[in-house]
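This report concerns only the one structure given below.
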Amino acid sequence: MRQEEPSSEVASLSSTAVGLIPTMGALHAGHLSLIQRARQENGTVIVSIFINPLQFGPIEDYQRYPRTLDQDRHLCEQAGVDAIFAPTAEQMGIENWETKERIFNSSSPAASATPSLSQTQVVPPANMTLVMCGSRRPGHFQGVATIVTKLLNVVQPNRAYFGQKDGQQLAIIKRLV
Ligand code: PAF
């Protein structure tokens with residue numbers, strides 16, 4: 001599987017290829033440009049919409065994250081997306097994730113090191129997660145890496161497309177892929 005970033009070079013269309021754009025919904029112009037690129041390069045384009053509880057910290061309000069599925073569905077239809085994959089947390093094998101809040105909020109020494117004691121997680125190299133934004137968001141990039149791994153395993157795309165707004169996330173996903 002190739003991990004793609006938007007650029008002026010467009011790979012040739014492969015009619016049997018599947019392109020995946022992982023998102024947390026609330027689709028905007030940046031997502032649409034990734035969809036457009038995927039549309040040019042793959043016979044089948046899938047957008048995943050999953051607000052990943054594992055990548056939110058206690059002061060980052062998971063509950064208030066925008067949920068705009070109807071509007072997202074409409075935008076995907078207009079953009080020629082073949083399928084939306086919008087699983088529940090349970091369907092993604094994420095259980096008891098509420099405990100993350102309790103663990104982060106506790107004064108336990110484990111709190112800063114372990115985002116969720118009840119989850120098996122993908123742990124990217126510490127030298128990529130404990131610096132820059134990762135140093136202020138314990139567990140965030142483990143949560144991202146865990147869900148991206150699950151999405152890639154479930155959808156099995158030939159290509160996946162990620163925005164470049166978060167350079168640290170992009171570098172971690174490249175390493176993971
Ligand atoms: O960048 C995002 O929208 C999310 O971090 C991602 C890659 C969809 C994983 O939840």
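Not measured: the values here are computed from a predicted model. Order of listing sets the numbers, starting from 1, for every ligand and every atom in it. Values below: all heavy atoms of this structure, side chains included; hydrogens, waters and symmetry mates excluded.
V123 places none of its side-chain heavy atoms less than 4.5 Å from the side chain of F141.
Screening I35, V45, I21 for a side chain to side chain contact (heavy atoms under 4.5 Å, CB included) with Y161, the sole residue that qualifies is I21.
Summarising the local packing, NE2 of H74 is surrounded by 12 or fewer heavy atoms from other residues, nucleotides or ligands at distances under 6.0 Å.
Of the charged side-chain nitrogens involved, none lies within less than 4.0 Å of a carboxylate oxygen, so that E77 and R73 do not count as a salt-bridged pair.
In this structure, R67 fails the cation-pi test against F50, since its NZ or CZ atom is not both closer than 6.0 Å to the six-membered ring centre and inside 45 degrees of the ring normal.
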Using a 3.5 Å cut-off on N/O to N/O, what pairs does ligand 1 make with the protein? A line per pair would be great.
from	atom 1	to	atom 2	distance (Å)
ligand 1	1 (O)	Q169	NE2	2.9
ligand 1	5 (O)	Q55	NE2	3.0
ligand 1	5 (O)	Q169	OE1	2.8
ligand 1	10 (O)	Q55	OE1	2.7

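Looking only at distances, no side-chain donor or acceptor of R159 sits under 3.5 Å from a matching main-chain atom of V18.
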